[in-house]
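Numbers for residues simply follow the sequence, beginning at 1. All ligand and atom numbering here is 1-based and tracks the order in the structure. These values consider heavy atoms only, across backbone and side chains, with no hydrogens, waters or symmetry-generated copies.
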Amino acid sequence: MAARKERVRTTCPRDCYDSCGMTVIKENGTVRKVSGDREHPVSRGSLCAKCALAYNGAWIDPAERLLHPQRRVGPKGEGRFERVSWEDALSDIAGRLKAILSRHPSRSILHTHYTGTCSLVAGTFPLRFFHRLGATEVDPDTVCNKAGHQALEYVFGTSLSGFDPRTAKDTSCILVWGANPFASAPHVHKHWLAEAPGKIVVIDPIAHPTARMADLFLQVRPGSDAALAFAMLNVIRRQGLVAEEFLRDHVVGWEEVEPLISACTPQWGERQTDVPAAKIEAAAEIYGRGPSLMWLGQGMQRQPLGGNAFRAAAMLCAATGNTGKPGAGILYLNGANTRGIDDDYLPAPHLGPEEKASIGHMDLAETLGDERKSRALFCWNNNIVASNPDQARLREALRREDLLHVVVELFPTDTADFADYVLPAASFLEFDDLLMPYFNNSISAQVQVMDGMGEGLPNQEIFRRLAGAMGFVEPELFESDRDIIARLLEQAGYADGFAGLAGKGTVEASREPSIQFAGLDFPTPSGKIEIASRQAEADGHPRIPQPHADEPTAAGRFRVLSPASEWQLNSSYGNDAKIRARLGAHEVLIHPGEAEALELADGAQVELVNDVGRLSLTVRVSNDVPRRVALVYKGRWPKFEDSLANVNVINPGEKTDMGESSCVHAVEAELRLRPPPGPAR
Ligand SMILES: Nc1nc2c(c(=O)[nH]1)N[C@H]1C(S)=C(S)[C@@H](COP(=O)(O)OP(=O)(O)OC[C@H]3O[C@@H](n4cnc5c(=O)[nH]c(N)nc54)[C@H](O)[C@@H]3O)O[C@H]1N2
Ligand SMILES: Nc1nc2c(c(=O)[nH]1)N[C@H]1C(S)=C(S)[C@@H](COP(=O)(O)OP(=O)(O)OC[C@H]3O[C@@H](n4cnc5c(=O)[nH]c(N)nc54)[C@H](O)[C@@H]3O)O[C@H]1N2
Ligand code: SF4
Ligand SMILES: [Mo]
């Protein structure tokens, strides 16, 4: 009998700019192949190489997935568990939570979460439970992009209303600043950037493939972007490219920064940033003539003064009037709000106390080390042992016997190894949901293509059941997926319902590209773009951006950059056998000049060492990396590495100037030859 073939459309919900459309081929009801949807406007038929491997590998392999609720039987960290029923797991957890609540404040229950899935219901609904509980939220963006958010809120009043990428048809310049689309937005790199009609300018310390395909590449010293922005403004002013009328009508504070700009000549800029003056001139002119798009990546705000750097970069947009018209604008991220979603509906903050308890990820290890501040920890949609700073200290804190630790996961991660209870989550292939991509202004359906694996459940269902076990009664805690999805589509003004969307996969939110800040009214206190910000000043920051550049590292020390890898999505896929084969040795990339000075060649066994830790690595000599920079991609699973650690073991978790956020690309360390292993005993 001929096999019954079926094709189902769905969408990749990873934390990725692309949000690719997918086609899943099923035979007699079983998934045979997960591939790209040819009709998807961004990805046009292909998945990235990593997802093509992992979605046909670990993600649908029952041997790799967590299939049942589990309770710890060994010491914390060893990952030894026994299988228990959902009823037992949830009633035990609820019992322990109630015991904590009878003696301690609810804020001593912490939860960490991020974007393991970006689908709206699985990514946000569990917040209702934690709000009802009155738990402390470990502010998710502090491990990723909070400094940039805060900076852009000062300047534009929002960081979540970026340009519509379709407006690139009217642009003459796309400036990619501190992002690596080749890795972190592979289809945007391959199609959108390659086909853009204007010039591509890239500013980055690393000569990554997007930098190499650009018309102009400025290889900036890490942490010196604000100085670069001021030097570019100096050129823009000298060339008469300042949009005087726009500044007068729509910007506050230009006259306050002008005196600083005069001293910031391109030659001064070259000394501050290592970018040749001629390139600063050229970039300023291309951007200043416009219309220009500026894409602010997340890499550049992961610096000690990353918030200041963002405010400085945003001044270019203000000074040249590059928003409010076709082909112009600035983008960090597009929030679901640009598609009409009410930000409060899914998380339902009204279920909790008015004053929400919150700490940042940079303070997590310390907080977990203090039993007065932390009695329980839930981790869902993230893998803190791989991805948080202060790895050694965090692991130590997670060994606390008295800490109730619950992990909701698809896979037995390093974080799950420390849990008292591991609850199996269903993957995005196993339930319906919605996506509002953060680059493109579209709406996509995540469609169930297979039954749940083992006893795994979607995050939202796990927290509905836990709410029941706690005896909570608020109806919001039990709202069904179907009702939530219908409500969200209604907010987005989409009339054809989930079935209609599922048939199409992805639809644009508007027929024509939307114009960013079309009415030129900005949600700031003054209603204008605020180069000078009273709010920033009240929060303890300078009123205006400063022409700052970090000092170069001292002799013998490296600035360690640990950005996104082509082969992983944060720590995801670090357990997939084929991906691990592609990843190969855990490498550190250094400039040929450094290799020569240290007498190191490809393959040398070294370690990066600083006050908080040491990490074993293999040298790769690369012309893509500037002097004094060590490049180590993020996301390896510590338990598969020789030193049982990844790059976060040398990350002390310093905070940025704004948002208590991570300045992970400012880690410093020494590079040393690794002593050969001792004789086997
Ligand atoms: N393949 C893949 N894709 C991903 C991810 C992944 O892990 N893998 N992660 C996803 C997530 S969660 C995020 S937040 C995004 C992040 O993606 P991006 O926005 O691209 O951010 P990063 O990868 O941290 O770094 C981007 C670039 O910033 C540069 N950079 C570092 N310091 C500086 C600086 O001081 N100035 C300038 N100008 N540049 C600097 C780095 O060299 C790097 O090339 O990607 C998402 N997409
Ligand atoms: N050194 C260094 N460290 C970094 C960074 C850096 O640039 N350098 N970048 C930081 C950034 S930007 C980020 S965003 C973080 C993210 O770091 P991670 O927390 O590692 O993020 P992910 O790998 O996206 O997802 C985490 C987990 O979510 C799980 N997951 C997927 N789908 C679901 C689901 O439906 N339900 C549940 N419960 N779990 C699911 C995955 O299996 C995965 O283990 O890392 C940060 N760490
Ligand atoms: S991770 Fe990004 S590039 Fe890869 S399939 Fe998902 S959306 Fe596409
Ligand atoms: Mo991120």
Side-chain angles (χ1 to χ4, degrees), residues 11-22 34-36 40 42-43 46-52 54-55 58-59 65-66 112-119 121-123 126 140-145 183-190 298-299 302 333 361 378-389 391 407-416 423-431 433 435 437 439 444 446 456-460 462-463 560-566 568-575 632-637 646-651 653 661-662 664-665 667:
T11 310
C12 176
R14 294 274 76 68
D15 187 341
C16 171
Y17 293 88
D18 288 0
S19 302
C20 297
M22 304 174 43
V34 180
S35 55
H40 190 262
V42 176
S43 52
S46 67
L47 299 179
C48 65
K50 60 189 179 297
C51 290
Y55 292 162
W59 282 59
R65 290 275 301 275
L66 294 165
T112 75
H113 64 106
Y114 209 40
T115 44
T117 180
C118 285
S119 66
V121 188
D141 287 345
T142 54
V143 82
C144 178
N145 55 18
S184 60
H187 297 92
V188 168
H189 163 89
K190 189 167 143 195
Q298 310 186 49
R302 293 183 188 137
L333 299 170
H361 274 279
F378 284 77
C379 300
W380 56 283
N381 273 358
N382 67 352
N383 180 0
I384 57 171
V385 174
S387 299
N388 270 51
Q391 199 164 76
V407 171
V408 184
E409 248 299 345
L410 304 177
F411 298 105
T413 59
D414 287 271
T415 306
L423 305 179
S427 94
F428 75 99
L429 296 168
E430 297 154 33
F431 61 97
D433 208 328
L435 278 141
F439 188 72
S444 304
Q446 171 183 307
L457 295 171
N459 293 344
Q460 59 271 30
I462 294 175
F463 287 101
V560 183
L561 303 188
S562 52
S565 149
E566 172 191 0
Q568 286 192 261
L569 199 296
N570 297 322
S571 65
S572 295
Y573 316 150
N575 58 331
V632 183
Y633 292 110
K634 67 171 160 179
R636 310 278 289 219
W637 281 33
N646 69 14
V647 67
N648 283 316
V649 80
I650 54 168
N651 173 7
S661 196
S662 162
V664 62
H665 296 328
V667 168

Handout entry: 4.5 Å side-chain heavy-atom contact, Ser387 and Tyr114
Key = no
Handout entry: Donor-acceptor contact present, side-chain Asn651 to main-chain Val664, <3.5 Å
Key = no
Completion exercise
Logged contact type for Val664 with ligand 2, heavy-atom cut-off 4.0 Å, is side chain
Practice task
Could you list the atoms of ligand 3 found under 4.0 angstrom from a heavy atom of Cys51?
Solution key: 1 (S), 4 (Fe), 5 (S), 6 (Fe)
Fill in the blank from the handout: Counting heavy atoms under 4.0 Å, the part of Ala564 that contacts ligand 2 is neither
Exercise for the section: With the side chain counted from C-beta on, respond yes when Thr413 and Val385 share a heavy-atom pair under 4.5 Å apart, and no when they do not. Expected result: no
Handout entry: Sub-4.0 Å heavy-atom contact, Ala426 with ligand 2
Key = yes
Problem - Any side-chain heavy-atom pair of Val188 and Asp18 under 4.5 Å - result: yes
Handout entry: Any side-chain heavy-atom pair of Asn383 and Trp637 under 4.5 Å
Key = yes
Practice task
Could you tell me which atoms of ligand 2, counted from 1 in the order shown, lie closer than 4.0 angstrom to a heavy atom of Ser572?
Solution key: 22 (P), 23 (O), 24 (O), 25 (O), 41 (C), 43 (C)
Exercise for the section: Look only at interatomic distance and state if Asp15 has a nitrogen or oxygen under 3.5 Å from any nitrogen or oxygen of ligand 2. Expected result: no
Problem - Identity of the nearest option to atom 10 (C) of ligand 2, non-hydrogen atoms only, from Val143, Asp141, Thr112, Asn575 - result: Val143
Problem - ligand 3 contact on Ser19 by region, counting heavy-atom pairs under 4.0 Å - result: backbone
Handout entry: Glu430 (side chain) donor-acceptor with Leu457 (main chain) under 3.5 angstrom
Key = no
Practice task
For the residue pair Ser444 and Pro437, establish whether any side-chain heavy-atom pair is separated by less than 4.5 Å.
Solution key: yes
Fill in the blank from the handout: Going by the 4.0 angstrom heavy-atom rule, the piece of Phe428 near ligand 2 is neither
Practice task
Would you mind running through ligand 2 and noting each atom that sits below 4.0 Å from a heavy atom of Val408?
Solution key: 37 (C), 38 (N), 39 (N)
Practice task
May I ask which of Ser35, Cys12, Pro437 has a heavy atom nearer to atom 6 (Fe) of ligand 3 than the others do?
Solution key: Cys12
Practice task
Tell me yes or no: between the side chains of Asn570 and Asp15, is some donor less than 3.5 Å from an acceptor?
Solution key: no
Practice task
Please state whether the separation between atom 8 (Fe) of ligand 3 and some N/O/S atom of Cys20 is under 2.8 Å?
Solution key: yes
Exercise for the section: Measure Asn381 to ligand 2 on non-hydrogen atoms and call it side chain, backbone, both or neither using the 4.0 Å cut-off. Expected result: both
Handout entry: Within reach of ligand 2, part of Asn459 (heavy-atom separation under 4.0 Å)
Key = side chain
Exercise for the section: Taking the side chain as every heavy atom from C-beta outward, state whether Lys634 and Gln568 have any atom pair closer than 4.5 Å. Expected result: no
Problem - For atom 5 (C) of ligand 2, closest protein heavy-atom neighbour - result: Lys634 CD, 3.4 Å
Problem - Non-hydrogen side-chain atoms of Phe428 and Met22 separated by less than 4.5 Å - result: yes
Problem - ligand 2 contacted by Arg302 (non-hydrogen, < 4.0 Å) - result: yes
Problem - Ala122, any N or O under 3.5 Å of ligand 2 N or O - result: no
Handout entry: Atoms of ligand 2, numbered as shown, that sit under 4.0 Å from any heavy atom of Thr413
Key = 44 (O)
Practice task
Check each atom of ligand 2 against the heavy atoms of Val647 and keep those under 4.0 Å away; list them by number with element.
Solution key: 1 (N)
Problem - Identified side-chain hydrogen bond (donor to acceptor under 3.5 Å, both in side chains) partner of Thr112 from the options Asn382, Thr415, Asn388 - result: Asn382
Practice task
Report the part of His665 in contact with ligand 2, treating N, CA, C, O as backbone and CB onward as side chain, heavy atoms under 4.0 Å; options are side chain, backbone, both, neither.
Solution key: side chain
Problem - Within-cut-off N or O pair, Trp380 and ligand 2, under 3.5 Å - result: no
Fill in the blank from the handout: Any heavy atom of Asn648 under 4.0 Å from ligand 2? The part involved is side chain
Problem - Whether Asn646 side chain and Ala386 backbone form a donor-acceptor pair below 3.5 Å - result: yes
Exercise for the section: Please work out whether the ring planes of His113 and Trp380 are parallel, tilted or perpendicular, with thresholds of 30° and 60°. Expected result: parallel
Exercise for the section: Would you mind running through ligand 3 and noting each atom that sits below 4.0 Å from a heavy atom of Cys48? Expected result: 1 (S), 3 (S), 4 (Fe), 5 (S)
Problem - Protein heavy-atom partner closest to atom 17 (O) of ligand 2 - residue, atom, separation in Å - result: Ser387 OG, 3.0 Å
Handout entry: Backbone N/O of Gly36 and side chain of Ser46: donor-acceptor pair under 3.5 Å
Key = no
Fill in the blank from the handout: Among non-hydrogen protein atoms, atom 28 (O) of ligand 2 lies closest to Gly116 CA, 3.3 Å
Problem - Which residue and heavy atom of the protein sit nearest atom 26 (C) of ligand 2, plus the separation - result: Asn382 CA, 3.4 Å
Handout entry: Which segment of His187 sits under 4.0 Å of ligand 3 when only heavy atoms are counted
Key = side chain
Practice task
Determine whether His187 and Phe439 make a side-chain contact, defined as any pair of heavy atoms from C-beta on separated by less than 4.5 Å.
Solution key: no
Fill in the blank from the handout: At under 4.0 Å between heavy atoms, what of Pro186 touches ligand 3? The answer is side chain
Exercise for the section: Using non-hydrogen atoms of the residue, decide whether Ser43 is closer than 4.0 angstrom to ligand 3. Expected result: no
Exercise for the section: Mind checking whether Ser562 contacts ligand 2 via backbone (N, CA, C, O), side chain (CB onward), both or neither, at a 4.0 Å heavy-atom cut-off? Expected result: both
Practice task
Under 4.0 Å from a heavy atom of Ala425: give me the atoms of ligand 2 that qualify, with their elements.
Solution key: 36 (N), 37 (C), 38 (N)
Fill in the blank from the handout: Judged by heavy atoms only, the candidate from His113, Gln391, Glu409 nearest atom 44 (O) of ligand 2 is Glu409
Handout entry: Donor-acceptor under 3.5 Å (Gln298 side chain, Cys144 main chain)
Key = no
Exercise for the section: Give a yes or no on whether the backbone of Gly116 and the side-chain of Arg14 come within a donor-acceptor separation of less than 3.5 Å. Expected result: yes
Exercise for the section: Quick one: look up the protein heavy atom nearest atom 19 (O) of ligand 2 and list residue, atom name and how far away it is. Expected result: Asn383 N, 2.9 Å
Fill in the blank from the handout: Taking every heavy atom of Ala426 against every heavy atom of Phe431, the minimum-distance pair comes out as O-CE2, 3.6 Å
